[in-house]
Number of protein chains: 2
Amino acid sequence: MTNATQLRYYVHMHTQEEILAVWRSHTVRLTKTRTALAQLFAEARAPLSVPDIVRVLCLGGREVNKTTVYRELERMQNIGIIASVHLGDRRQYYELALNDHHHHLVCVRCERVEDIAVDEKNLLAQEARVSCEKNFTSVRHALEFFGVCKMCHSVTT
Amino acid sequence: MTNATQLRYYVHMHTQEEILAVWRSHTVRLTKTRTALAQLFAEARAPLSVPDIVRVLCLGGREVNKTTVYRELERMQNIGIIASVHLGDRRQYYELALNDHHHHLVCVRCERVEDIAVDEKNLLAQEARVSCEKNFTSVRHALEFFGVCKMCHSVTT
DNA sequence: GTCGTTGCAAAGACTTTGCATGTGA
DNA sequence: TCACATGCAAAGTCTTTGCAACGAC
């Protein structure tokens with residue numbers, strides 16, 4: 001990431017190499033788009049939307065086509081490299097699925113996203129109960145928290 | 001609702017009259033759109049998207065304009081009559097906010113939605129903790145469950 | 001009659017599809 | 001080589017905006 005601007009990055013627990021290894025095990029070609037996406041997700045510190053991805057990569061001088069990105073993300077999701085997340089707006093966001101399961105805290109003003117750890121014992125128990133009571137299979141959950149971050153709060157007050 | 005098709009309805013705990021009363025207390029005009037929306041939400045048994053609403057009302061012979069619906073829903077949300085819900089797709093859904101807080105179980109195949117009761121003690125505690133730890137105010141949560149309903153499951157297997 | 005509401009048309013944001021071209025193994 | 005991958009253009013879906021016309025009070 002050169003001057004990737006806006007988005008903040010941090011060293012992730014999964015490297016680009018690890019992601020590329022997953023690709024290889026699925027006998028797909030290692031193209032420049034896949035390499036770029038692997039690096040981006042490895043470094044991203046927040047879920048990414050397609051417009052995000054295209055903007056950041058283009059700013060960094062790696063031209064990518066939005067159609068290709070959409071298609072690639074779908075494949076990555078099918079393989080299990082990434083997972084989609086909904087953060088309250090209409091966009092679809094994606095983040096590494098290789099990480100531990102976690103949830104998000106989103107600032108509804110500036111859209112800043114923080115990862116948070118949540119004790120899931122209770123949730124999983126409810127999942128099991130719901131699955132049983134309602135006769136649903138493969139039940140999973142989506143839990144996100146929304147609020148106003150300190151900075152945004154101090155600006156308004 | 002005449003032949004409102006596809007969507008399933010049930011007698012809700014809030015009647016059209018109660019919703020109209022909320023309108024009146026906000027000194028707005030009781031137009032045909034507001035009456036139609038009040039009736040629709042009073043009878044809806046699942047969250048509704050704007051395309052849903054327009055389709056259903058037009059099928060029922062009450063022409064409504066999508067722009068008007070978008071604007072009206074925003075006002076209803078501000079007043080607190082309805083609340084928006086995200087159900088995994090890109091659409092925004094709305095449901096009566098006058099009801100008890102509850103969550104949804106969505107079939108990812110047929111999009112059927114069931115309301116479910118969830119023990120929130122734990123969630124609220126986590127909300128408080130997150131709010132404190134991360135310095136966020138006005139924290140709320142969104143929790144939805146996804147799975148495959150019995151019917152869809154039996155079709156595929 | 002007023003001013004809140006509405007309807008229409010156009011634009012905008014995100015996503016999907018079809019097809020011809022390009023390229024990694 | 002050739003099947004997988006890409007890029008472009010066009011279309012699709014949901015949503016927003018601007019503005020003139022309408023209608024509830």
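Residue numbers begin at 1 in each chain, while the letters A, B, ... track the order of the sequences.
- With salt bridges taken as basic N to acidic carboxylate O contacts below 4.0 Å, none links B:E127 and B:R140.
- Considering only residues two or more places apart in sequence or on other chains, B:R91 meets the side-chain hydrogen bond (donor to acceptor under 3.5 Å, both in side chains) condition with B:D89, B:Y93.
- Between A:L48 atom CG and C:dC14 atom P the separation is 14 Å, expressed in whole Å.
- Of the candidates B:K32, B:R34, B:K66, B:R29, B:R34 is the only one forming a salt bridge (charged side-chain N to carboxylate O under 4.0 Å, His left out) with B:E72.
- Distance B:E72 CD to D:dA24 C1': 14 Å, rounded to the nearest Å.
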Handout entry: Contact letters for nucleotides 11-21 of chain D, in which S counts primed atoms plus P, OP1 and OP2 and B counts the base, heavy atoms under 4.0 Å
Key = ---SBBBBB--

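- Proximity of A:R75 to the phosphate of D:dC4: no side-chain N or O atom is located under 4.0 Å from OP1 or OP2.
- Salt bridge annotation for A:E17-A:R24: present, with a cationic side-chain nitrogen under 4.0 angstrom from a carboxylate oxygen.
- Within the nucleic acid shown, B:R34 comes within 4.0 Å of sugar-phosphate atoms alone, with no base atom in reach, counting heavy atoms only.
- Heavy-atom minimum distance, B:F41 versus B:Y94: CE2-O, 3.4 Å.
- One can place CG of B:L73 at 15 Å from C1' of C:dT5, the figure rounded to the nearest angstrom.
- Spacing between atom CG of B:D89 and atom P of C:dC14 amounts to 17 Å, rounded to whole angstrom units.
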Under 3.5 Å, N/O pairs linking protein and nucleotides 20-24 of chain C:
{"unit_1": "C:dG24", "atom_1": "N2", "unit_2": "A:R29", "atom_2": "NH2", "d": "2.9"}

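- For the pair B:H104 and B:P47, the minimum side-chain heavy-atom distance is below 4.5 Å.
- Rounded to an integer number of Å, the gap from CD of B:E63 to P of C:dG7 is 9 Å.
- Atom CZ in B:R62 sits about 14 Å away from atom P in C:dT6, given to the nearest Å.
- For A:T33 and B:V28, each mapped to the nucleotide of DNA chain D holding its nearest heavy atom, the one lying further toward the 5' end belongs to A:T33.
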Enumerate donor-acceptor pairs with a distance under 3.5 Å from any side-chain N or O in residues 117-126 of chain B to protein atoms, sequence neighbours excluded.
{"unit_1": "B:D119", "atom_1": "OD1", "unit_2": "B:K121", "atom_2": "N", "d": "3.3"}
{"unit_1": "B:E120", "atom_1": "OE1", "unit_2": "B:H101", "atom_2": "NE2", "d": "3.4"}
{"unit_1": "B:E120", "atom_1": "OE2", "unit_2": "B:H101", "atom_2": "NE2", "d": "3.4"}
{"unit_1": "B:E120", "atom_1": "OE2", "unit_2": "B:H103", "atom_2": "NE2", "d": "3.3"}
{"unit_1": "B:E120", "atom_1": "OE2", "unit_2": "B:H141", "atom_2": "NE2", "d": "2.9"}
{"unit_1": "B:N122", "atom_1": "OD1", "unit_2": "B:Q126", "atom_2": "NE2", "d": "2.9"}
{"unit_1": "B:Q126", "atom_1": "OE1", "unit_2": "A:D119", "atom_2": "N", "d": "3.3"}
{"unit_1": "B:Q126", "atom_1": "OE1", "unit_2": "B:R129", "atom_2": "NH2", "d": "3.0"}
{"unit_1": "B:Q126", "atom_1": "NE2", "unit_2": "A:D119", "atom_2": "O", "d": "3.1"}

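- Applying the side chain to side chain contact (heavy atoms under 4.5 Å, CB included) criterion to A:V50, with sequence neighbours excluded, gives A:V54, A:V69, A:Y70, A:L73.
- C:dA25 atom C1' lies 18 Å from atom NE2 of A:H26, rounded to whole Å.
- Taking atom CG of A:N65 as the reference point, atom P of D:dT6 lies 10 Å away to the nearest angstrom.
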Please tabulate, one pair per line, all N/O donor-acceptor pairs under 3.5 Å involving side-chain atoms of residues 75-87 of chain B, not counting sequence neighbours.
{"unit_1": "B:N78", "atom_1": "ND2", "unit_2": "B:E74", "atom_2": "O", "d": "3.4"}
{"unit_1": "B:H86", "atom_1": "NE2", "unit_2": "A:G88", "atom_2": "O", "d": "2.9"}
{"unit_1": "B:H86", "atom_1": "NE2", "unit_2": "B:Q92", "atom_2": "OE1", "d": "3.1"}

